[in-house]
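Shown next, in structure tokens, is the structure this report addresses.
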Amino acid sequence: MIGTVTPASKMAEGVPAVVSSRFGVPDGHTLAGYTSSGSYKGYEAIRQVLEMSPAQVGSVVKDATVLGRGGAGFPAGVKWGFCPPGVWPRYIVVNGDESEPGTYKDRLLMERDPHQLIEGCLIAAYAIGAAQVFLYARGEMPHAQERLAAALNEAYAAGLIGKNILGTDFSVDIVLHWGAGAYIVGEETALIESLEGNRGMPRLKPPFFPAAKGLYMAPTIVNNVETLANLPWLFNHGVEKYRSVGTEASPGTRLIALSGHVNNPGIFEIPQGTTTFRELFESEIYGNGIRTGHELKMFIPGGASAPWFFPEQIDLPLEGRLIGGQGSMLGSGAVVVMDETTDAVRAALRLVRFFARESCGKCTPCREGTTWEEKILQRILDGHGRPSDIDLLLDVADNISPGPYPVAADPGNDLEAIPFPPRQTTICPLGPSSVAPITSAIRRFRHEFEAKIVQRDLISVSSEPFTDLPEQSSLAHGAVGHV
Amino acid sequence: MSRFSTANLRLAQEIIRRYPVAKSATIPLCHLAQEQDGYLADDSMAQIAELVGCSSAEVLGTASFYEMFKMHSVGKFCLGVCTNISCQLLGGEELLEHAEQTLGIRPGGTTTDGLFTLEDVECIAACTEAPAVQVNYRYFHRLTPQDLDQLIEELRSGALDDVVPAHGTLGKVRQDLGEDRIANITPPEDQTEPVWLRRHRELAEAAAAADAATPSTAGKES
């Protein structure tokens, strides 16, 4: 029961393990392991990259369409190009503050293959011309911090980081930084605030687009751990091979965390855009079926912030744009499966409570709104719900995210999907994310909310209530209750 | 009086040198103080403020934002039971309730013997191993209520002291930046265009100038 995960290393036929090839290798986290195991030879890519011009390196990443794996899915190569020319210094911040409920792919990448991430950082630093790289690892992940620190120490000693890397004029420092527990710090401008030693509150964009005004007000590229971990394989095998997996718009593979009511939960590397949710849930190499004896009620396709999907959406492939068009998002690849035993109100409350606790408090609609959403859901669950509460919830939600909120189609009731993303009255998407479970659950399972509001168990004030009240008493059982 | 020990003060100064701006070391130094004392004392925050060059109120402002910093003493073991969605679906809330009964405290409380602080935590990134628990941020997976009781017993007896260090200790391996290999950690205002970028830019400019010097070929191509 002591926590070491054995991640599934089975791959679908013909699919290369781009980022997970050393997950099952016992010494894959060491320098010796990195250079002698896995789907490519470690630190070969950086040698090749140093022969190229920084501009060429940038265009390889652009041509390959390496989509950001942190949630928004923005192409990394395009993002790198946003740094204003001639403005120095430039910084890279690696976002390893993974806290989205449902996933831990970045933790595995940091624990199992830290050198892969370091090599990815070096490639990015060379292309952009970074003065320094900050590797921001989540505070609650001491094992990942240890593995990263050990790997950085080895790489520094081997002349792979620091002054005159591999005897060239390329020099950069990579500094490991620990977070301290705050989901919002996964948002890039909040991450930068945190790295500057401040409360992790997001900055307003514009003007604070990190590529223009980021860390210390200098141009800064914030990339997710998995995004950078893709680069060494890409430079070893080339753009064509990279693009041969997945689809035209979403090439390559993705790490998907499958949890909840499936027989075989795990982290799987799947081809991006071609695998369907049905395959993910049912295939023997992935989920191996919904919990035996049960059936699917709903699932979250991309982390706590994503609107829910239902059995009708099961044949959709895991592809960002398609999922967006169908009213949700692929996000950080956290798929949570819920079977028919799940209470929709209780699940929605837990998700909303997460956002209420993690709201940074900067914007009023989110700070107040998420708190009220939690309170109202809690009272419905506790049996104190009022008939107006469902509309009140939707009204509070509308103040955080005005207009129709993204939601999946409901063919049974002739309702169409509302595409992603939502509108927002806040600086960052945390507040609007809290609306996802509410609108998803109410649209589909309104009757569950109503049932809890209309009926509740009568709780007596005394542990030994009267059973034979005098006939003349007006306090006859039920007269003061809410039957 | 809680100040950094001599060894930790040296480490603190080394950590500050890793950042182009000293205030960036605030969170790492708060972790260091918490590792030393088990929690983050007012005196420590005052000292961190001196070291990074801000007011102690600013350090408190930063530290109080983050869940992991404890402003008062907590148990030797912080037991965090995850109740977020993936764990909730597989019994996380019931496991928390069981922990409350076994320890006789509610989340946020500490047992009278000072051994355990119970926490109701958000996603700890072990979703496929639900329900999951962290003790001082070390993982324990797929726990039944009986497993949890056994875990509490083992912690109490000291049997897991090698696996679970006292509260405040995070990564036991630290990054060690050898002075001789540090490339370029200077304040942002002292930074200029990196040499390898300048070299490639000048090469490209020279090539463009050479092209411009032979307009006849350029004309033919267009």
Side-chain angles (χ1 to χ4, degrees), chain A residues 1-3 5 53-54 88-89 98-99 101-104 107 129 131-132 139-142 145-146 149-150 152-153 156 162-163 169-173 175-178 180-183 194-200 216 218 257 259-261 265-267 304 336 338 342 347 350-351 354 357-358, chain B residues 18 20-21 23-28 30-31 52 61-62 65-69 83-86 88-89 122-130 132 134 137-143 147 151 163 170-178 181-185 188 191-197 199-200:
Chain A
M1 82 191 163
I2 289 181
V5 200
S53 78
W88 313 105
E98 175 182 59
S99 328
T103 190
Y104 62 98
R107 174 162 79 87
Q132 202 172 338
E140 291 96 331
M141 299 178 175
Q145 294 158 6
E146 285 170 359
L152 286 167
N153 291 346
Y156 259 101
K163 217 183 290 178
D169 61 357
F170 171 50
S171 303
V172 75
D173 289 303
V175 166
L176 176 62
H177 184 93
W178 301 348
Y183 167 71
S194 179
L195 193 52
E196 289 184 4
N198 303 324
R199 296 170 78 84
Y216 315 126
S259 67
H261 295 144
I267 304 260
V336 184
M338 297 179 255
T342 312
R350 188 61 191 83
L351 291 164
F354 168 73
R357 281 173 82 169
E358 297 296 340
Chain B
R18 292 173 193 181
V21 174
K23 190 157 186 256
S24 283
T26 306
I27 291 174
C30 288
H31 277 306
V52 304
T62 296
F65 184 83
Y66 298 92
E67 199 76 31
M68 290 174 76
F69 295 129
T83 57
N84 210 312
I85 187 75
S86 303
Q88 181 198 34
L89 289 171
E122 295 300 344
C123 186
I124 52 176
C127 312
T128 66
E129 312 303 311
Q134 275 189 333
Y137 308 108
R138 270 66 185 176
Y139 288 98
F140 296 89
H141 292 154
R142 302 194 189 198
L143 299 186
D147 291 337
L151 172 64
V163 188
L170 293 180
K172 287 200 275 189
V173 182
R174 283 181 189 281
Q175 185 177 7
D176 176 23
L177 270 178
R181 283 222 43 86
I182 291 181
N184 181 28
I185 303 178
Q191 297 276 357
T192 53
E193 183 176 14
V195 281
W196 70 94
L197 275 203
R199 177 165 56 82
H200 281 285

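Chain naming here is simple, since letters A, B, ... match the order of the sequence lines and numbering starts at 1 in each.
Nearest heavy atoms, A:Pro142 versus B:Arg138: CG-NH1, 3.6 Å. Taking every heavy atom of both residues into account, B:Tyr66 and A:Asn198 meet most closely at OH-O, 2.8 Å. A pairwise comparison of heavy atoms in A:His261 and B:Leu89 identifies NE2-O, 3.1 Å as the closest pair. The minimum heavy-atom distance linking A:Ala180 with B:Phe69 is given by the pair CB-CE1, 3.4 Å. The nearest pair of heavy atoms linking B:Gly61 to A:Arg199 is O-NH1, 2.5 Å. What you find for B:Arg142 and A:Pro265 is that their closest heavy atoms are NH2-CG, 4.0 Å.
Rounded to the nearest 0.5 angstrom, B:Cys123 SG and A:Tyr183 OH are separated by 10.0 Å. To the nearest 0.5 Å, atoms CG (A:Leu351) and CG (B:Asn84) are separated by 6.5 Å. Here the CH2 atom belonging to B:Trp196 is positioned 6.5 Å from the OG atom belonging to A:Ser171, to the nearest 0.5 angstrom. Taken to the nearest 0.5 Å, the OH atom of A:Tyr104 stands 2.5 Å off from the OG1 atom of B:Thr128. Between A:Ser99 atom OG and B:Ile124 atom CD1 the span is 12.0 Å, to the nearest 0.5 Å. With values rounded to the nearest 0.5 angstrom, B:Leu170 atom CG is found 9.0 Å from A:Glu146 atom CD.
Heavy atoms of B:Ala130 lying under 4.5 Å from chain A are absent altogether. Both the backbone and the side chain of A:Val175 have a heavy atom closer than 4.5 Å to some heavy atom of chain B. Both the backbone and the side chain of A:Leu176 come within contact range of chain B, each with at least one heavy atom under 4.5 Å from a heavy atom of that chain. If you measure heavy-atom distances from A:Ala131 to chain B, the contacts under 4.5 Å come from both the backbone and the side chain. With a threshold of 4.5 angstrom between heavy atoms, B:Ile185 approaches chain A through its backbone and through its side chain. Neither the backbone nor the side chain of A:Ala218 comes within less than 4.5 Å of any heavy atom of chain B. Both the backbone and the side chain of A:Glu140 come within contact range of chain B, with heavy atoms under 4.5 Å apart. The parts of B:Glu193 that come within reach of chain A are both its backbone and its side chain, each placing non-hydrogen atoms under 4.5 angstrom from that chain.
Side-chain contact check for A:Lys163 and B:Asn184: no donor-acceptor pair (N or O, by modelled atom type) lies under 3.5 Å.
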Next item on the list: Output, in order, the C-alpha distance, side-chain angles, deciding distance and verdict of side chain to side chain contact (heavy atoms under 4.5 Å, CB included) for A:Trp88 and B:Leu197.
Entry: CA-CA 11 Å; A:Trp88 313 105; B:Leu197 275 203; 3.3 Å; yes
**Asked** Taking it one step at a time, do A:Thr103 and B:Cys127 satisfy side chain to side chain contact (heavy atoms under 4.5 Å, CB included)?
**Response** CA-CA 6 Å; A:Thr103 190; B:Cys127 312; 5.7 Å; no
Check: Could you go step by step and tell me if B:Arg199 and A:Asp169 meet the side chain to side chain contact (heavy atoms under 4.5 Å, CB included) rule?
Finding: CA-CA 9 Å; B:Arg199 177 165 56 82; A:Asp169 61 357; 2.7 Å; yes
Take B:Glu122 and A:Arg350 through the side chain to side chain contact (heavy atoms under 4.5 Å, CB included) test and state the conclusion after the steps.
CA-CA 10 Å; B:Glu122 295 300 344; A:Arg350 188 61 191 83; 3.0 Å; yes
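Among A:Leu195, A:Val172, A:Thr342, the residue making the largest number of heavy-atom pairs under 4.5 Å with chain B is A:Leu195. Counting heavy-atom pairs under 4.5 Å between each of B:Arg174, B:Glu67, B:Gln175 and chain A puts B:Gln175 at the top. By number of non-hydrogen pairs under 4.5 angstrom with chain B, the leading residue of A:Ala347, A:Ala257, A:Gly200 is A:Gly200. Counting heavy-atom pairs closer than 4.5 Å to chain A, the top-ranked of the candidates B:His31, B:Arg181, B:His200 is B:Arg181. Between chain A and the options B:Val52, B:Val195, B:Ile182, the largest number of non-hydrogen pairs under 4.5 Å is found for B:Ile182. In terms of non-hydrogen atom pairs under 4.5 Å with chain A, the most contact-rich of B:Val173, B:Asp176, B:Leu177, B:Thr192 is B:Val173.
Around the CD atom of B:Gln191, the shell of radius 6.0 Å holds more than 12 heavy atoms that belong to other residues, nucleotides or ligands.
Partners of B:Thr26 under the side-chain hydrogen bond (donor to acceptor under 3.5 Å, both in side chains) rule, at least two apart in sequence or in another chain, do not exist in this structure.
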